[in-house]
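Below, chain A is the first sequence line, B the second, and so on; all start at residue 1.
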Amino acid sequence: MHPAKWTWNNIDRMRRQLRSMGAMFDWDREMVSCDPDYYQWTEWLFRRFFEGDIAYRGEAIVNWSPTLETVLANEQVIDGKDERTGQPVIQKKMKQWFFAITDYADELLDFSGIDWPEPVKAMQTNWIGRSEGAEVVFTTHSGDEIPVFTTRPDTLWGATFMVLAPEHPLVDTLTDPTHRAAVDEYRTAAAAQSELERMEADREKTGVFTGGYAINPVNGEDIPVWIADYVLLSYGSGAIMAVPAHDERDFAFARQFELSVVPVIRPEGAPPLDGATMTEAYVGPGTMVDSGPINGVPTTDAKGRANPSVAAAIDWLEEHDAGVEAVNYRMRDWLISRQRYWGTPIPMIYRQDGSIEPAQDLPVLLPEASTFTGGPSPLATDEAFLATTDSDSNPARRESDTMDTFMCSSWYPYRYLSPHHESAPFDPEEAAYWLPIDTYTGGAEHATMHLLYTRFFTKAMRDLNVFDDTIRLMEEHDRDPEGLFDEPMMQLRNQGQILGEERPGDRLVVAGAWNDGRFVAESVRVDDHAPEDAAPVVGELIRRTERTLQVATADGTVTVEVPNEAEVDVPGIDGINDVTQLRHHLEVQRMSKSKGNVVNPDELVERYGADTVRLYLMFAFDWEKGGPWDSRGIAGARRFVDDVWKIGTTEYLPGDATDDASLSLRRSAHQTIDKVDRDMSAFKWNTAVAALMTLRNDLLEARRTTAVSLEAWNEAVDTLLILLAPIAPHITEELWSRRGHDESVHLHAWPQADPDIAADQTVTLVVQINGKVRDRIDVDPNIDEDAAVTAAMGTERIKEWLATGEVRKVIARPPNLVNIVVS
RNA sequence: GCCCGGGUGGCGAAACAGGUAGACGCGGCGGUCUUAAACACCGCUGUCCCGCAGGGGCGUGGGGGUUCGAGUCCCUCCCCGGGCACCA
């Protein structure tokens, strides 16, 4: 199917689903990022990034997914596998387009001024991976310089060898003829390995000696240079100084190849380390020894200059021109080229002279493509698309790669401001009013992709003056723009995920015979109550693949083969049964089609109604946490909706109304307003619904006793409907109108709690003896300390407790608590 | 290994600021209604012990501490979820 058709179909289905759930969006602001109306501005931003030196073309070793036939960003590779298909990714050297996100690394590490969840901040910080240390230059005997990044320049005096990544460009010149064969062989082997294999934990260290030597700049000593795959070309300079005495990896390598180990840290209050007999690297604090100028300097667990020994070493290196203080990041620049058809074209042109220039004729439209072979992108061979002219009217070629889809989502909030604005990505008037985003919600799985990219985009757009008109307009409207364009979203909240429901599998009774470790079935019968010994194999069905069953029996899991001719009997299902009708055990885990544990929202809405489904989703989970679906729990939500209907349609007639009962209902209503207010602003939807259920309970009781006035009844019912409106929009609107209100419940002013009405008339005062609750009494909320103590000491039960000893101390916290210490 | 979350009844979960643990709901039990089942309605429901009753002991992953008082604060350990990881 053509991706355009597929995409638009999905959008239609999603739109229908959202509408049926009663989602309240401003549909006038809808836009679609694969529509040229939108992506022309993505291209425009790319061109702006190119002109501002944020987008650049560079050669790098990239993650290539053979399955998808495209490169992937580092963020899209998990454990060496493509995060979408789970297939291994290989390394390939290619010229691609990058965004200089690393220029913003330090700013991206600063989260001051934004209210984001701790885990997301931690993930981004982790991802960026800033480390402080020094860059030190080692010189080889042939005169080549090898810069090395280290976080521990203080241990330079203990460096006994160097290691380069196998792909390091200097390996060739360094390698001595007598070592050439071994080095070449090792490099070939390393290249053939996937990233996945290289990352396997606890592998034995491998490597070979190049035969070359470098000079340690701090003491002029010659140290051998090795190559090994535990050094990665993509981190730092692709070369390290190895200090085996104080680094676990270097230590393992040194022992493997019998290289010397020289300790330069003496642990606090312990004898000096002996390089020959150490069994593991020492990475703790102590005092520097055998380290020339920094001898005797204390070393701590602190990072960077905060560690005195590191500070001393950096100072010495800088004074002697042997190195400089340096910061290194784990994060790489963002690779945005994709070899795919379905994406935003990269609006660049290759001139005949080999230079590159941006396309001036935006938008560069994605041509209609007729064939999708699943092979290389049709753009790469589409002559009509590729052929163009440059700014001097000479024939030129278009870039055939498209952009990573995260490009589109990195700036879409700005397009929402004015999706049809024609002269810029967004209307600065709208931006001056709305920006920045107050609250944004989404899953934490976007932490190092969408959310990090979006922060980067905003900062880059700010620096490229994209917000200048907006800033000018803000000032005209007396709004201070200072700091408003440093971050896209002021508050972020992550919603949890609804997981699949746990379900027991059928209990199977299998007759048949053992054959080569497997059990071959003659018959399979479902029987929930079969005893263990009813057949050779009896137990719960855990998993089924084709005609192979995993059955959990009393003696462990048994693999059962069910031949075609075997008889299958499922009592609940008529006719001739088949293995596919057996129900297997479902664990609590993410919903997915392949696991068969998906709860379809359309079906739920069909069965229970949109209001019930919304209410249940809000009520049953901590919104930020999520959890397993419970198909029974939704009944409670439905009961609540039914009760609200009953309450809303009741023609209430007061019976023996009392002031007490009326005030009590009013108090409940006003306390509910207060609670719902607080809970909703804290994303505590579950407790907001609980508060509304409590008000429902009070209303049902009032309806039974008819002891409240009509005014109190009406106030409480209206309050319930307004507070419930955001969660159950349909039923509240209908009841609101039936109760004779003209305007929409959704437009009605949010109620205000009256503190005088909400105030409790009496509170329960807890009386403790030695911290244990021994009695409770009702008291006036304004009771003073003396009165509270007197009342507490006066109850019969407390008197008995007081008789057991002498009062040592009385702590009073009126009106809630009096604690009497008796011994 | 490092960094974040988290661990509370049979289950989903509450508990503002160190002060009544378990709100609200599910499930379960008992009852009313019904020929019956379902629905609905009423009541009970942390756990153990004594009991005719009033009660009492224990209880927020384990252990220790601070405090008149700890789910909440401190130390330590265990377990679960997520992220990063031969990152120099």
Side-chain angles (χ1 to χ4, degrees), chain A residues 78-79 117-131 133 148-153 155 162-163 165 198-203 205 228-232 234-243 247-250 252-253 328-331 444-445 447-448 494 496 502 615-616 619-622 624-625 627-637 639-640 642 646 675 678-679 682 684 686-697 700 704 763-776 796-797 800 808-813 816-823:
Chain A
I78 311 283
D79 290 337
E118 220 46 61
V120 171
K121 292 196 273 186
M123 277 188 252
Q124 293 196 350
T125 304
N126 243 327
W127 182 261
I128 294 167
R130 178 190 160 99
S131 30
V148 156
F149 174 77
T150 175
T151 55
R152 295 303 302 266
T155 63
M162 280 186 82
V163 187
R198 261 175 91 153
M199 290 195 320
E200 254 169 49
D202 297 330
R203 265 176 74 218
K205 292 273 181 292
D229 65 3
Y230 82 91
V231 174
L232 310 172
S234 56
Y235 188 79
S237 61
I240 61 160
M241 63 166 199
V243 185
D247 180 282
E248 284 162 27
R249 294 151 301 172
D250 298 345
F253 193 81
N328 199 39
Y329 301 94
R330 204 190 71 96
M331 181 173 68
E445 68 273 15
T448 56
N494 298 129
E502 183 164 18
L615 193 105
Y616 182 60
F619 175 66
F621 311 90
D622 176 343
E624 298 195 275
K625 204 166 127 198
W629 180 258
D630 175 3
S631 52
R632 286 182 304 191
I634 198 169
R639 269 197 277 277
F640 174 69
D642 288 345
K646 200 162 27 174
K675 178 105 177 90
R678 269 186 290 125
D679 289 349
K684 296 275 176 200
N686 54 344
T687 50
V689 173
L692 292 167
M693 285 176 164
T694 306
L695 180 57
R696 173 268 312 253
N697 292 343
L700 285 178
R704 250 194 328 268
V763 295
T764 305
L765 179 124
V766 170
V767 189
Q768 297 182 332
I769 302 290
N770 298 334
K772 284 192 194 300
V773 180
R774 295 303 180 191
D775 208 355
R776 297 179 168 90
E796 287 308 315
R797 292 183 46 206
E800 280 172 37
R808 301 286 173 196
K809 194 172 176 183
V810 178
I811 296 105
R813 294 282 179 274
N816 296 313
L817 176 126
V818 170
N819 185 13
I820 305 162
V821 184
V822 176
S823 64

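- Looking at A/F149 and A/S131, their side chains come closer than 4.5 Å, going by heavy atoms from C-beta outward.
- When each of B/A88, B/C41, B/C68 is scored by its nearest atom to the side-chain atoms of A/T151, the top-ranked nucleotide is B/A88.
- The A/R696 side chain lies nearest to B/G25 when the options are B/A23, B/G19, B/G25.
- If you check distances only, the side chain of A/K121 never reaches the base of B/C4 with a donor-acceptor pair under 3.5 Å.
- For B/C68, its base sits under 3.5 Å from the side chain of A/N819 at one donor and acceptor pair at least.
- Using modelled atom types, one finds a donor on one side chain and an acceptor on the other under 3.5 Å when comparing A/T687 with A/D679.
- Backbone-only engagement by A/N697 is indicated by non-hydrogen atom pairs under 4.0 Å involving sugar-phosphate atoms exclusively.
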Distances under 3.5 Å between nitrogen or oxygen atoms of protein and nucleotides 5-10 of chain B:
none

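- Regarding A/M693, its CE atom lies at a distance of 15 Å from the P atom of B/A13, rounded to whole Å.
- In this entry B/G9 has no Watson-Crick or G-U wobble partner, no candidate having both defining distances under 3.5 Å.
- Computed from coordinates, the A/N770 CG to B/G57 C1' distance equals 16 Å when rounded to whole Å.
- For B/G19 and B/C24, the C1' atoms lie 23 Å apart once the distance is rounded to whole Å.
- A gap of 29 Å separates the C1' atoms of B/C42 and B/C48, to the nearest Å.
- Protein atom CH2 of A/W629 is 16 Å distant from nucleotide atom P of B/G12, rounded to whole Å.
- With a glycosidic angle further than 90° from 0, B/G31 counts as anti.
- Residues A/M241 and A/V243 have side chains in contact (heavy-atom distance under 4.5 Å, counting atoms from C-beta outward).
- Here the nucleotide nearest the side chain of A/R704, chosen from B/C84, B/C41, B/A88, is B/C41.
- B/U60 and B/G43 have their C1' atoms separated by 28 Å, given to the nearest Å.
- Distance from the side chain of A/A690 is smallest for B/A23 among the nucleotides B/A23, B/A88, B/A14.
- Shown here, B/G69 forms no base pair; nothing in the strands shown gives a Watson-Crick or G-U wobble contact with both key distances under 3.5 Å.
- Nearest to the side-chain atoms of A/D630 among the listed nucleotides B/C86, B/C26, B/G56 stands B/C26.
- Nucleotide B/C16 forms a pair with no other nucleotide shown, judged by Watson-Crick or G-U wobble geometry with both contacts under 3.5 Å.
- One finds a side-chain N or O of A/R249 lying less than 4.0 angstrom from the OP1 or OP2 phosphate oxygen of B/C87.
- Spacing between B/U8 and B/U47 at atom C1', rounded to whole Å, works out to 14 Å.
- With rounding to whole Å, A/I128 atom CD1 is found 14 Å from B/G83 atom C1'.
- Within the nucleic acid shown, A/D250 has no heavy atom closer than 4.0 Å to any nucleic acid atom.
- B/C74 and B/G82: their C1' atoms are spaced 27 Å apart (whole Å).
- Per the geometry, CZ belonging to A/F619 stands 8 Å off C1' belonging to B/G12, to the nearest Å.
- Partner assigned to B/G81 is B/C4, using Watson-Crick or G-U wobble distances below 3.5 angstrom.
- As rounded to whole Å, 20 Å separates atom P of B/C68 from atom CG of A/N816.
- Among the protein residues, A/E445 comes within range of no part of the nucleic acid, since none of its heavy atoms lies under 4.0 Å from any strand.
- Within a 6.0 Å sphere centred on CD of A/E445, other residues, nucleotides and ligands contribute more than 12 heavy atoms.
- Close placement of the A/Y616 and A/W629 rings is indicated, their centers lying within 6.0 Å of each other.
- Comparing A/R330 and A/K684 by the nucleotide of RNA chain B that holds the closest heavy atom to each, the one mapping nearer the 5' end is A/K684.
- Rounded to an integer number of Å, the gap from A/K772 NZ to B/G59 P is 8 Å.
- For the pair A/I634 and A/G627, both in contact range of RNA chain B, the more 5′-proximal nearest nucleotide belongs to A/G627.
- Considering only the side chain of A/D229, B/C86 comes nearest among B/C86, B/C24, B/C68.
- Of the listed nucleotides (B/G83, B/U20, B/C24), B/G83 has the atom at the smallest distance from the side chain of A/N126.
- Using a 4.0 Å heavy-atom criterion, one finds that A/R639 contacts the sugar-phosphate atoms exclusively.
- Counting to the nearest Å, the C1' atom of B/G27 and the OH atom of A/Y616 are 12 Å from each other.
- Nearest nucleotide to the A/A620 side chain, out of B/G12, B/A88, B/G19: B/G12.
- Nearest nucleotide to the A/A122 side chain, out of B/G56, B/A14, B/C4: B/C4.
- Evaluation of the salt bridge (charged side-chain N to carboxylate O under 4.0 Å, His left out) rule for A/R808 yields no partner, not counting sequence neighbours.
- Ranking B/C86, B/C68, B/U20 by closeness to the A/L232 side chain, first place goes to B/C86.
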If you apply the rule salt bridge (Lys or Arg N to Asp or Glu O under 4.0 Å), what do you find for A/E800 with A/R797, and how did you get there? CA-CA 5 Å; A/E800 280 172 37; A/R797 292 183 46 206; over 6 Å; no
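- Taking the side chain as every heavy atom from C-beta outward, A/I811 and A/V818 never approach each other to under 4.5 Å.
- At a threshold of 4.0 angstrom between heavy atoms, the contacts of A/S131 are confined to the sugar-phosphate backbone, with no base atom among them.
- Taking the C1' atom of each, B/C58 and B/G22 are spaced 16 Å apart, rounded to whole Å.
- In this structure, A/N686 reaches the sugar-phosphate backbone alone: every heavy-atom distance under 4.0 Å involves primed, P, OP1 or OP2 atoms, never a base.
- As rounded to the nearest Å, B/G18 and B/G9 have C1' atoms that lie 24 Å from one another.
- For B/A23 and B/G12, the P atoms lie 15 Å apart once the distance is rounded to whole Å.
- Checking A/R249 against A/Y230 by side-chain atom types alone, no donor-acceptor pair falls below 3.5 Å.
- Applying the Watson-Crick and G-U wobble criteria (two distances, each under 3.5 Å), B/C44 pairs with B/G28.
- Here B/G54 is in the syn range [glycosidic angle within 90° of 0].
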